[in-house]
Amino acid sequence: MAAVKHQTMILVVSKLLLFLAALLPLGFIVTDVLAGRIGPDPGQAITERLGLAAFQFLLLTLVVTPLRQITGWSGWLRLRRMLGLFVFFYACLHILAFLQLLVGWGDLWATFTQRPYIIAGASAFLLMVPLAATSTKAMMKRVGRGWKPLHRLIYPAAVLVWVHFLWQARSDITEMVIYGSVLFVLLLLRVYWFGLTTLIPLRRR
Amino acid sequence: MLIKQRPSWVLPESEVTPKSIYLNRRKFMTGAIASAATLAVPGLLHASDTSSDLKALDYRAAPEYSTDEKKTPLDDVTAYNNFYEFGTGKGDPAKYAGEMSVDPWSVEVEGECERPGRYALEDLLKPHDYEERIYRLRCVEAWSMVIPWVGVPLAAVIKQLQPNSRAKYVYFETLHDPKQMRAQRSLFSTVEWPYREGLRMDEAMNELSFLAVGLYGEALPNQNGAPIRLVVPWKYGFKSIKSIVRIRFTEEQPKTSWEMLAPSEYGFYANVNPEVDHPRWSQKRERRLPSGILRPNWIETSKFNGYGEQVAQLYKGMDLSRFY
Ligand code: HEM
């Protein structure tokens, strides 16, 4: 009984800490804005930082399963939903900042469909919408056995985000190579542990 | 011609010294020392404050070539720009350009001209008087600034070098020195260094084409292309090549860096043109910096960045959506 309580405590505390930590990127942006440190082109700076935060949380989400495999502690899994929702949160803010601060709300169709790197980002986002929508306990129950395969959509989404990132490269792709390597290893670990088919979304085993 | 040189706390008119001193002046703090100092004395030094090291220039205003739009503040001009030799972030040039030494500086002149050779920068500039021109600068990334440049008309320098009748183009190169330019050391650089740019001869001889050695009345900060850079205000900013070490007169149209990298995105001409979209950025509007959060400072982009009166005739009969 005491051991169970202890476990729950650990989980509650780690969730709280994670929640606060996950708000830090947003907090830094807000304080930079308030302190006048955001620079002369706030739209660019804010959009870029929100996008990067979304991608970083996406990679963190994909670290959860390897962590469980390596440490054997299944508590990691209980943090995954929050991480995933923060990915969605930062992606939404990223797109809002893009529209409000960078390009404006005119002719949305053209905005989202004319540029390859935007199409990649928007496709990634579209793949994430059903994941966020089915993240609650109730929805998990409703979706039932389909939930797991559905949530494997995160893999193509992650690859699309990386492509979105890569296609913005100008003079240098060092950052893209680093993020790409991390993503590649995270996907490879799954193939190693569970087989290639685990990467295929919407497929039941 | 004389150059005024002053410590930053003295009024600009206080002291007059010959130009040779201007060219011997800058002992830049290295990036490392600068950042150590920043750590030691928070708030005292910012990377962009390297400009306080700079010396005032002697020039006359050229209102006939200047816009009266609101100027972008010096701090923004020096803290936010692209100079990919120092990194891809907008703040990287201000952070790392101090690692470049610009004194002494020489420019190699070669190709189809009567006066080729290696010129010490002061010799190249000696025959000319400086003027200040306040130009709009439009970046292909859809932001823009208004900057008071100090320098000399490019045409004057070209005449001095006496191109021959085979010279149809002028080609420029930026310094290539991985020891001083950290992004040139990157394994994953997509640009083939050195950075290259070029103009057609009649573009280069146009009255607007300008070689800048300063901004806001002082010698160029390194991050803005010290000690000498091109300014072609009717073209996207990347044409205005920085820290020039080579000028070559050619018969053939030279290959430029962005053209080499992504020919479908960047052409040789790169004239500002709201009618021709770039595959990554719509060019219809621009954010005039500094821009706000609550109200982004949008303005409509003008063809040739508003300099059509002076340059449109250069492109008569050309299909600008093909020659972008
Ligand atoms: C409709 C969807 C999207 C649009 C229109 C969009 C737009 C943009 C734009 C314009 C930039 C460049 C900002 C700049 O540097 O000027 C950018 C960068 C970025 N975006 Fe997106 N994006 C979308 C979706 C996403 C999603 C879903 C993610 C991740 C989950 C994401 C992650 C990133 C990343 C990592 C960057 C690069 C940041 C950097 O340069 O450091 N984007 N996005």
Side-chain angles (χ1 to χ4, degrees), chain A residues 29-52 93 96-121 163-181, chain B residues 46 72-73 75-92 94 139-145 182-193 195 238 257-258 261-262 265-266 277-282 284-298:
Chain A
I29 293 175
V30 171
T31 48
D32 278 354
V33 168
L34 295 179
R37 280 192 305 254
I38 199 72
D41 197 0
Q44 191 274 336
I46 294 172
T47 307
E48 181 178 307
R49 282 167 65 173
L50 289 169
L52 201 58
L93 290 181
L96 283 176
F98 168 75
L99 288 171
Q100 174 63 28
L101 305 175
L102 217 50
V103 296
W105 295 80
D107 200 355
L108 287 182
W109 180 250
T111 299
F112 287 116
T113 56
Q114 282 183 351
R115 288 152 227 288
Y117 84 98
I118 300 276
I119 296 173
V163 168
H164 170 65
F165 191 21
L166 179 72
W167 281 351
Q168 291 168 42
R170 287 155 216 175
S171 62
D172 197 286
I173 55 166
T174 305
E175 263 187 292
M176 293 74 180
V177 170
I178 293 170
Y179 280 88
S181 312
Chain B
H46 301 284
T72 303
D75 281 349
D76 293 338
V77 174
T78 57
Y80 186 92
N81 69 338
N82 291 322
F83 194 163
Y84 289 124
E85 281 80 346
F86 296 108
T88 55
K90 294 280 182 291
D92 287 343
C139 177
V140 72
E141 296 168 337
W143 52 269
S144 65
M145 294 183 174
R182 60 170 54 213
Q184 290 178 340
R185 301 197 287 267
S186 167
L187 290 178
F188 300 106
S189 184
T190 55
V191 174
E192 198 184 307
W193 308 110
Y195 190 75
F238 64 83
S257 284
W258 292 109
L261 182 62
E265 296 187 28
Y266 306 95
D277 260 3
H278 184 277
R280 297 195 218 188
W281 304 279
S282 166
K284 294 187 181 63
R285 299 193 296 169
E286 65 203 50
R287 299 182 304 283
R288 173 62 53 84
L289 307 190
S291 182
I293 294 202
L294 297 180
R295 275 186 312 123
N297 194 12
W298 287 110

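Throughout, protein chains are lettered first and strands after them, A, B, ... in sequence-line order, and every chain is numbered starting at 1.
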Q) What's the shortest heavy-atom distance between B/Arg280 and A/Trp167, and which atoms? A) NH1-O, 3.3 Å
Q) What's the verdict on salt bridge (Lys or Arg N to Asp or Glu O under 4.0 Å) for B/Asp92 and B/Arg182, showing C-alpha distance, side-chain angles and the deciding distance? A) CA-CA 10 Å; B/Asp92 287 343; B/Arg182 60 170 54 213; over 6 Å; no
Q) So, B/Arg288 side chain and B/Trp143 main chain: donor-acceptor pair closer than 3.5 Å or not? A) no
Q) Which bit of B/Pro296 is near chain A, if near means a heavy-atom gap under 4.5 Å: side chain, backbone, both or neither? A) side chain
Q: Look at atom CH2 of A/Trp109 and say whether more than 12 heavy atoms of other residues, nucleotides or ligands are closer to it than 6.0 Å.
A: no
Q) Any donor-acceptor pair under 3.5 Å linking the side chain of A/His164 with the backbone of A/Tyr117? A) yes
Q.
Counting heavy-atom pairs closer than 4.5 Å to chain B, which one of A/Arg170, A/Met176, A/Glu175 comes out on top?
A. A/Arg170
Q: Please flag which part of B/Arg287 lies under 4.5 Å from any non-hydrogen atom of chain A: side chain, backbone, both or neither.
A: side chain
Q) In terms of heavy-atom proximity below 4.5 Å to chain A, should B/Arg285 be classed as side chain, backbone, both, or neither? A) side chain
**Q.** Modelled atom types, side-chain donor and acceptor of A/Asp172 and B/Ser186, under 3.5 Å
**A.** yes
Q) Of the backbone (N, CA, C, O) and the side chain (C-beta and beyond), which part of B/Asn82 lies under 4.5 Å from a heavy atom of chain A, both, or neither? A) neither
Q. Checking heavy atoms, do the side chain of A/Ala169, its backbone, both or neither come under 4.5 Å from chain B?
A. backbone
Q) Heavy-atom distance under 4.5 Å to chain A: side chain of B/Thr72, backbone, both or neither? A) neither
Q: Just give me the residue among A/Asp41, A/Val33, A/Ile118 that pairs up with chain B most often, heavy atom to heavy atom, under 4.5 Å.
A: A/Asp41
Q. By a 4.5 Å heavy-atom criterion (distance strictly below it), what part of B/Glu141 contacts chain A: side chain, backbone, both, or neither?
A. side chain
Q: State whether a side-chain donor-acceptor pair under 3.5 Å links B/Trp298 with B/Glu286.
A: no
Q) Going by distance alone, is a donor N or O of one side chain under 3.5 Å from an acceptor N or O of the other, for B/Asn81 and B/Lys90? A) no
Q) What part of B/Leu261 gets closer than 4.5 Å to chain A, counting heavy atoms only: side chain, backbone, both or neither? A) side chain
**Q.** Largest heavy-atom contact set with chain A, pairs under 4.5 Å, which of B/Thr190, B/Val191, B/Asn297
**A.** B/Thr190
Q | Segment of A/Glu48 engaging chain B (4.5 angstrom heavy-atom cut-off) | A | neither
Q.
Which one wins on heavy-atom pair count under 4.5 Å against chain B: A/Gly39, A/Pro42, A/Ala97?
A. A/Pro42
Q) Does the pair B/Tyr84 and B/Trp193 meet the rule for a side chain to side chain donor-acceptor pair (under 3.5 Å), with working shown? A) CA-CA 10 Å; B/Tyr84 289 124; B/Trp193 308 110; over 6 Å; no
